[in-house]
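One-based numbering, in listed order, for ligands and for the atoms of each.
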Amino acid sequence: MTARLVVLISGAGSNMVALRDACERGEIPGELVAVVADRPCDGIALAREAGIDTVVIEPGDFASRDEWSAGLKQVVGSFEPDLVVSAGFMRILAPVFVDAFAGRLLNLHPSLLPSFPGAHAVRDAIAFGARVTGSTVHFIDNEVDHGPIVAQTAVEIEPGDSEDELHERIKAAEHKLLPDACRLVIEGRARLEGSRVVFSGGR
Ligand code: GRF
């Protein structure tokens with residue numbers, strides 16, 4: 001079975017590219033069928049060049065946030081995804097969306113959750129004086145940057161690290177973490193059981 005993947009992005013899209021490449025190399029039994037963004041961005045341009053279906057659905061084109069969420073749900077649903085991955089999507093997903101894709105909706109967050117949720121996770125880890133941060137792939141529930149964890153990886157914070165320097169190292173780690181996590185979910189080796197993920201056949 002080849003799983004149908006849809007990725008949600010707002011920016012550079014380097015994780016979307018890593019996921020697409022892993023699919024192309026046969027490392028994931030999946031196909032990236034569409035990339036959906038809330039704004040025009042570099043990642044959308046990359047996806048277009050690669051011949052992947054793209055949709056930009058901007059909140060400003062809708063009368064309300066609820067209507068935008070319903071529109072996003074309809075657009076993503078139209079691609080009949082087996083897995084939806086939020087990878088650098090800078091919007092909070094409304095319950096109407098989260099509930100529609102429950103159990104097949106992952107988020108990539110640049111910290112070791114539950115530490116440093118929110119939009120400035122990398123900056124916050126440096127400001128706190130943490131020695132180690134990292135990245136998390138988790139199933140999305142109706143709390144922000146929260147939900148059953150599929151995979152995490154640690155990245156050391158070096159003295160004097162700028163936010164950009166640290167984020168680049170986190171992204172490099174994410175380019176392996178995210179495809180690995182998606183493979184576990186697609187192959188049924190990481191399954192949701194209540195509020196936890198249970199693993200079979202090793203991680
Ligand atoms: C990643 O670090 C991800 O964890 C965070 O946003 C960044 C997206 O990077 N949510 P990119 O657009 O995939 O390059």
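- No more than 12 heavy atoms of other residues, nucleotides or ligands sit less than 6.0 Å from atom CD of Glu80.
- Contact detail for Gly103 and Phe139: the closest heavy-atom pair is O-CE2, 3.3 Å.
- Between the side chains of His175 and Ser14, at least one donor N or O sits under 3.5 Å from an acceptor N or O.
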- prompt: Between Glu67 and Arg65, is a salt bridge (charged side-chain N to carboxylate O under 4.0 Å, His left out) present by the stated rule, with each step listed?
  reply: CA-CA 5 Å; Glu67 286 184 30; Arg65 184 176 137 76; over 6 Å; no
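- In terms of protein heavy-atom proximity, atom 10 (N) of ligand 1 is closest to Leu108 O, 3.2 Å.
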- request: Start with the C-alpha distance between Arg91 and Asp38, add both sets of side-chain angles, then the distance that settles salt bridge (charged side-chain N to carboxylate O under 4.0 Å, His left out), and finish with yes or no.
  value: CA-CA 8 Å; Arg91 303 269 170 192; Asp38 63 328; 2.6 Å; yes
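- Heavy atoms of Met90 stay at 4.0 angstrom or farther from ligand 1.
- Within the 4.0 Å heavy-atom cutoff, Gly13 counts among the residues contacting ligand 1.
- Comparing Ile9, Val17, Asn15 by heavy-atom distance to atom 13 (O) of ligand 1, the nearest is Asn15.
- Looking from atom 8 (C) of ligand 1 to the surrounding protein, the closest heavy atom is Gly88 CA, 3.6 Å.
- Closest to atom 5 (C) of ligand 1, if we only count protein heavy atoms, is Pro110 CD, 3.7 Å.
- From the protein, the heavy atom lying nearest to atom 4 (O) of ligand 1 is Glu174 OE2, 2.6 Å.
- Residue Ser14 holds the heavy atom nearest to atom 11 (P) of ligand 1 of all those in Ala87, Ala18, Ser14.
- Using a 4.0 Å cut-off between heavy atoms, His109 contacts ligand 1 through its backbone alone, with no side-chain atom that close.
- Closest to atom 7 (C) of ligand 1, if we only count protein heavy atoms, is His167 NE2, 3.9 Å.
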message: Does Ser200 form a side-chain hydrogen bond (donor to acceptor under 3.5 Å, both in side chains) with Arg189? I'd like the steps, not just the answer.
response: CA-CA 5 Å; Ser200 53; Arg189 287 159 55 201; over 6 Å; no
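- Closest heavy-atom approach to atom 9 (O) of ligand 1 within the set Glu168, His175, Lys171: this belongs to Lys171.
- Counted within 6.0 Å of CZ on Phe128, heavy atoms from surrounding residues, nucleotides or ligands total 12 or fewer; the atom is thus considered open.
- In the displayed structure, Glu156 atom CD is contacted under 6.0 Å by at most 12 heavy atoms of other residues, nucleotides or ligands.
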